[in-house]
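Step one of this worksheet: look at the structure below.
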Number of protein chains: 2
Amino acid sequence: MRILLAEDDPDLSRQLKASLQDAGYVVDHAPDGEEAHFLGDTEPYDCVILDLGLPKIDGVSVLERWRRDGKATPVLILTARGAWSDKVSGFDAGADDYLTKPFHTEELLARLRALVRRAAGHAQPLLVCGGVRLDPRAARASVNGEPLRLTSLEYRLLHYMMLHQNRVISRTELVEHLYDQDFDRDSNTIEVFMGRLRKKIGNERIETVRGLGYRLKPLHNEVSEI
Amino acid sequence: MRILLAEDDPDLSRQLKASLQDAGYVVDHAPDGEEAHFLGDTEPYDCVILDLGLPKIDGVSVLERWRRDGKATPVLILTARGAWSDKVSGFDAGADDYLTKPFHTEELLARLRALVRRAAGHAQPLLVCGGVRLDPRAARASVNGEPLRLTSLEYRLLHYMMLHQNRVISRTELVEHLYDQDFDRDSNTIEVFMGRLRKKIGNERIETVRGLGYRLKPLHNEVSEI
DNA sequence: TGCCATTTTAAGTTTTCCTTAGGGCCCTGT
DNA sequence: ACAGGGCCCTAAGGAAAACTTAAAATGGCA
């Protein structure tokens with residue numbers, strides 16, 4: 001975990017940095033807004049602790065610039081006691097949390113844990129098979145970056161194949177997972193949709209294993225991507 | 001946006017609920033820990049406001065159970081002045097923010113905005129999707145700089161779609177977040193309002209994904225902003 | 001109370017796409 | 001080589017989902 005500490009008070013800085021390091025963080029220190037902005041722009045921090053009353057450029061401005069540039073790092077703001085209206089503008093500038101001086105180090109550490117935990121929770125599972133990608137959350141798929149336009153059944157079919165890629169999947173298995181109990185066993189729907197899928201993602205990505213079923217796999221030349 | 005307010009003080013509850021509703025939230029109220037736990041378990045809230053000093057089951061326990069069950073809804077904790085050590089245990093139980101009574105309603109609202117925004121994965125306070133902008137603070141939206149004239153429900157619909165842009169959102173999900181428990185499931189209100197929104201922000205900005213729901217996205221030629 | 005803005009219901013229309021069916025191709029085993 | 005079965009392709013019927021529109025219901029405010 002790497003943290004940027006933007007704080008101008010030398011004593012507080014030293015003490016905080018020590019506590020943070022004790023807690024296992026790697027800490028960079030910025031004594032003014034200019035330095036803070038530069039560091040936050042160039043280094044990949046897991047979290048930023050930002051004093052609002054920084055020299056050169058004030059905290060809110062620094063934060064606003066980061067957010068305008070699309071920076072998503074969680075930011076915890078520090079300020080002097082009593083200026084509660086600052087909190088509102090701080091939050092609306094894109095802060096994720098707020099702490100009023102003086103505070104207990106314990107509380108700062110607790111808030112940091114909460115922030116980092118939440119920020120890390122946004123990793124989304126993305127299914128990949130060679131150039132084919134499928135994002136179950138967005139219900140979207142693409143081939144070589146090109147978005148696919150899939151119908152509902154096409155999508156569900158591809159989804160299931162992606163989940164079980166490199167394995168031969170029988171028509172029966174597909175039917176059982178894509179439909180509810182009663183479905184005509186003599187239907188050729190699966191075949192029809194295999195054809196449509198192939199047309200959209202590329203013929204060679206779906207191999208037919210005669211008598212057994214189908215196998216989704218990456219192309220030969222794209223084996224070890226990700 | 002739908003919120004669970006878990007607070008036992010009747011006066012504070014009533015006043016808070018009113019303020020939250022004025023701010024455009026749909027609010028469910030739980031007067032004790034048991035009710036809070038049940039509601040939070042069954043209804044999909046965008047945020048929970050949780051008093052630590054609840055009857056029957058205390059706030060920290062309620063929160064711990066939710067987190068143990070994998071619930072990720074952002075939670076803001078309320079407590080009495082001075083009990084700062086509670087904050088630490090509250091955070092470590094999985095709280096995302098903390099507010100000490102008494103507080104300014106303004107500050108609560110600002111923290112809520114930040115929590116909801118961040119939980120949906122947005123760092124910036126201003127929601128942007130191509131030429132569409134929405135400012136939750138001012139409750140205003142615009143298309144290509146042109147201010148939009150939206151009714152309450154239209155605005156809330158757009159807000160939710162902006163928070164979760166590029167994701168397919170089902171009619172059920174929309175209903176659950178825009179209304180409280182009892183709403184006719186066989187209504188086509190959502191469809192009607194999708195039509196009205198489309199008329200105002202541009203047809204192609206809302207894609208319908210047959211069988212699944214709707215997706216808000218930037219136009220093709222606006223893709224590479226940010 | 002009555003008006004206006006907003007929301008909801010309802011009915012009719014359009015669009016999408018799942019399914020079916022038939023002809024043809026290819027593989028395989030005899 | 002050829003017969004038979006498995007698989008592929010295409011096109012069209014029909015049903016479900018989504019859209020549109022207008023009118024009825026609701027609710028806030030003068």
Side-chain angles (χ1 to χ4, degrees), chain A residues 139 141 148-161 168-216, chain B residues 1-2 18 21-26 139 141 148-161 168-217:
Chain A
L148 281 173
R149 207 182 155 66
L150 300 177
T151 72
S152 168
L153 192 54
E154 284 165 2
Y155 172 82
R156 281 181 288 149
L157 191 55
L158 179 60
H159 187 190
Y160 191 82
M161 304 278 297
V168 178
I169 303 177
S170 69
R171 259 188 300 285
T172 315
E173 183 178 346
L174 287 170
V175 164
E176 279 170 348
H177 283 91
L178 299 179
Y179 297 92
D180 42 18
Q181 285 127 338
D182 29 76
F183 185 79
D184 184 10
R185 308 195 111 267
D186 298 352
S187 164
N188 68 339
T189 312
I190 296 296
E191 286 172 35
V192 172
F193 274 87
M194 275 301 164
R196 294 193 185 149
L197 248 193
R198 278 183 168 137
K199 196 164 291 171
K200 292 186 179 181
I201 71 174
N203 249 321
E204 331 72 47
R205 292 187 189 278
I206 298 178
E207 175 191 358
T208 300
V209 184
R210 197 187 168 85
L212 292 178
Y214 301 90
R215 168 167 33 215
L216 177 70
Chain B
M1 275 330 106
R2 190 162 165 207
Q21 285 175 336
D22 283 353
Y25 294 98
V26 176
L148 280 173
R149 197 179 161 68
L150 299 176
T151 72
S152 163
L153 190 55
E154 284 165 1
Y155 172 81
R156 282 180 288 147
L157 191 55
L158 181 59
H159 185 190
Y160 193 83
M161 302 279 295
V168 177
I169 303 176
S170 69
R171 263 184 299 282
T172 313
E173 182 177 346
L174 287 170
V175 164
E176 281 172 342
H177 288 268
L178 299 180
Y179 298 89
D180 43 17
Q181 279 127 331
D182 27 75
F183 184 79
D184 183 11
R185 308 198 119 268
D186 298 353
S187 162
N188 70 339
T189 309
I190 296 295
E191 286 173 37
V192 173
F193 272 85
M194 276 299 165
R196 295 194 184 147
L197 248 193
R198 278 186 168 134
K199 201 160 288 172
K200 293 188 178 181
I201 70 174
N203 245 321
E204 331 73 46
R205 292 187 189 278
I206 299 178
E207 174 190 359
T208 113
V209 183
R210 177 175 245 254
L212 291 179
Y214 301 89
R215 163 163 42 215
L216 178 70
K217 59 179 187 186

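Throughout, protein chains are lettered first and strands after them, A, B, ... in sequence-line order, and every chain is numbered starting at 1. These values consider heavy atoms only, across backbone and side chains, with no hydrogens, waters or symmetry-generated copies.
In summary, the side chains of A:Ser187 and A:Arg171 do not present any donor paired with an acceptor at a separation below 3.5 Å, with no hydrogens or angles considered.
Between the OH atom of B:Tyr155 and the C1' atom of C:dT7 there is a distance of 19 Å, rounded to whole Å. The distance between atom CD1 of A:Ile206 and atom C1' of D:dC7, rounded to the nearest whole Å, is 14 Å. Whole-Å rounding puts the A:Leu157 CG to C:dC17 P distance at 15 Å. In this structure, B:Ile190 atom CD1 and C:dT7 atom P are separated by 11 Å, rounded to whole Å. Across the protein-nucleic acid pair, A:Glu207 atom CD and C:dC27 atom P stand 13 Å apart, rounded to whole Å. Between the CZ atom of A:Phe193 and the P atom of C:dT20 there is a distance of 11 Å, given to the nearest Å. Between A:Glu154 atom CD and C:dC17 atom C1' the separation is 9 Å, expressed in whole Å. The CG atom of A:Leu150 sits 15 Å away from the C1' atom of C:dT16 (whole-angstrom rounding).
In this model, the phosphate group of C:dT8 is approached by a side-chain N or O of B:Tyr179 to a distance below 4.0 Å at OP1 or OP2. Here B:Ser152 does not reach the OP1 or OP2 of C:dT6: none of its side-chain N or O atoms lies under 4.0 Å away. Between B:Thr151 and C:dA5 there is no side-chain N or O to OP1 or OP2 distance below 4.0 Å.
Each of B:His177, B:Arg156, B:Met1 was scored for a side chain to side chain contact (heavy atoms under 4.5 Å, CB included) with B:Val26, with one residue passing: B:Arg156.
In this structure, CG in A:Leu153 is found 13.5 Å from NE2 in A:His159, a value given to the nearest 0.5 Å. Interatomic distance, CE of A:Met161 versus CG of A:Leu174, reported as 6.5 Å (0.5 Å rounding). In this structure, the separation between CG on B:Leu178 and CZ on B:Arg2 is 10.0 Å, given to the nearest 0.5 Å.
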Heavy atoms under 4.0 Å is the rule here; annotate nucleotides 13-25 of chain D 5' to 3' with B where the base is hit, S where only the sugar-phosphate is, and - elsewhere. ---BBSBBB----
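Residues A:Ser152 and B:Arg210 share a closest heavy-atom pair of CB-O, 4.2 Å.
Taking 4.0 Å as the cut-off between side-chain N and carboxylate O, A:Glu154 and A:Lys200 count as a salt-bridged pair.
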